[in-house]
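Input: a single structure, listed below in structure tokens.
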Amino acid sequence: MDSGLAALLGAAVGSAATLGAAIVNVRSQTRSQHAQWSRQHRRDAYARYLSALHDRDIAMDAVLDALRSDRPDLPDLDERTGRFVTPGP
């Protein structure tokens with residue numbers, strides 16, 4: 001085999017290997033970024049849900065406090081119940 005042909009063949013194999021490694025690296029990075037994006041959106045959804053649940057819990061505590069008295073103030077109770085029933089912003 002001629003040395004020039006061997007060098008050309010070696011360069012072609014090296015280029016193909018480098019290109020293959022770059023493709024594998026890009027695919028791996030894309031998969032990792034997608035997983036991070038998915039985790040972030042899931043974390044945000046959980047935080048919104050827990051915040052809404054916390055707001056409902058506070059509203060329910062207000063209703064229960066209004067009901068604890070011997071003679072509950074009905075307009076106040078209606079207003080507190082309305083805050084519990086209607087969703088927040």
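One-based numbering along the sequence shown.
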Answer yes or no: is there a side-chain heavy-atom contact under 4.5 Å between W37 and Q33?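 Contact flag for W37/Q33 side chains = no.
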
Connected via hydrophobic side-chain network under 4.5 Å: L74 and L67: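 Yes, it is one cluster - the side chains of L74 and L67 are joined through contacts under 4.5 Å.
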
Can you tell me which residue pairs pass the salt bridge (charged side-chain N to carboxylate O under 4.0 Å, His left out) test with a partner in residues 57-68, sequence neighbours excluded? D65-R68

Tell me, please, which residues at least two apart from [X] pass side-chain hydrogen bond (donor to acceptor under 3.5 Å, both in side chains).
{"X": "H34", "result": "none"}
{"X": "D44", "result": "Q40"}
{"X": "Q36", "result": "R39"}
{"X": "R48", "result": "none"}

Is the number of heavy atoms from other residues, nucleotides or ligands within 6.0 Å of NE2 (H54) greater than 12? no

Shortest non-hydrogen contact between V63 and L77, atoms and distance: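 Closest approach of V63 to L77: O-CD1, 4.0 Å.
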
Nearest 0.5 Å please: distance from the CE atom of M60 over to the CG atom of L53.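 Atom-to-atom, M60:CE and L53:CG are 13.0 Å apart.
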
Side chain to side chain donor-acceptor pair (under 3.5 Å) contacts touching residues 15-30 (sequence neighbours left out):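 Output for this query is empty, none listed.
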
